[in-house]
Novice: 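Questions regarding the structure given below will be posed in turn.
Side chains are part of it too, since the values below use all heavy atoms of this structure and drop only hydrogens, waters and symmetry mates. Quick note: residue numbers are just sequence positions, from 1. Just so it is clear, the structure is predicted and the values come from calculations on it, not from any experiment.
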Amino acid sequence: QVQLVESGGGLVQAGGSLRLSCAASGSIFSIVTMGWFRQAPGKEREFVSAIRWRGGNSFYADSVKGRFTISRDNAKNTVYLQMNSLKPEDAAVYYCAAERGVVYTTTPQLWDYWGQGTQVTVSS
């Protein structure tokens, strides 16, 4: 019912920047919050950032606050994640997600829709 497609991943050197995009389609009216999670090999999926689809309130994990910025373009049904000052620790597959519930949560199991993910590699 809701489809999410990520793009913008790639290879950058430490200190560099990338901008990820997530295009949503389908039952957009059902989305309350959109966000980004990441998962490195052998590790659990972790919350990165989120934004309220209509209100625009944003949230960040402590590990990325001050370096990453989430934004949205409602006219394009797209959410962006601007990643600056990238560190090797940021390397992971980044997933776009959407939530229908009215209560915000960073727990990935409680999010309703997921994209396929886009690889971010940071070299030093």
Novice: What is the minimum heavy-atom distance between Val79 and Met34, and which atoms define it?
Specialist: CG2-SD, 3.5 Å
Novice: Output a table of donor-acceptor pairs, distance under 3.5 Å, between side-chain atoms of residues 115-124 and any protein atom two or more places apart or on a different chain; print 'none' if there are none.
Specialist:
unit_1, atom_1, unit_2, atom_2, d
Thr118, OG1, Gly9, N, 3.2
Gln119, NE2, Ala92, O, 3.4

Novice: With a 6.0 Å cut-off on ring centres, are Phe37 and Trp111 close enough?
Specialist: yes
Novice: Give the ring-plane orientation class for Tyr95 versus Trp114, where under 30° counts as parallel, over 60° as perpendicular and anything between as tilted.
Specialist: perpendicular
Novice: For residues 42-53, dump all side-chain donor-acceptor pairs below 3.5 Å to protein atoms at least two apart in sequence or in another chain.
Specialist:
unit_1, atom_1, unit_2, atom_2, d
Arg45, NE, Gln39, OE1, 3.3
Arg45, NH2, Gln39, OE1, 3.3
Glu46, OE2, Arg38, NE, 2.7
Glu46, OE2, Arg38, NH2, 3.3
Ser49, OG, Phe59, O, 2.8

Novice: Looking at Thr105, is its backbone amide N or carbonyl O close enough to the side chain of Thr107 to form a donor-acceptor pair, meaning the two atoms are under 3.5 Å apart?
Specialist: no
Novice: Indicate if Val64 and Tyr80 have the same hydrophobic cluster label, given that clusters are the connected sets of ILVMFWY residues with side-chain heavy-atom separations under 4.5 angstrom.
Specialist: no
Novice: May I ask you to test the Leu86-Phe68 pair for a side-chain heavy-atom distance under 4.5 Å?
Specialist: yes
Novice: Side-chain polar contacts of residues 12-28 - donor-acceptor pairs under 3.5 angstrom, sequence neighbours left out - could you list them?
Specialist:
unit_1, atom_1, unit_2, atom_2, d
Ser17, OG, Asn84, OD1, 2.8
Ser27, OG, Gln1, NE2, 2.9

Novice: Give a yes or no on whether the backbone of Ile70 and the side-chain of Tyr60 come within a donor-acceptor separation of less than 3.5 Å.
Specialist: yes
Novice: Taking atom CZ of Arg100 as the centre, report whether more than 12 heavy atoms of other residues, nucleotides or ligands fall under 6.0 Å from it.
Specialist: no
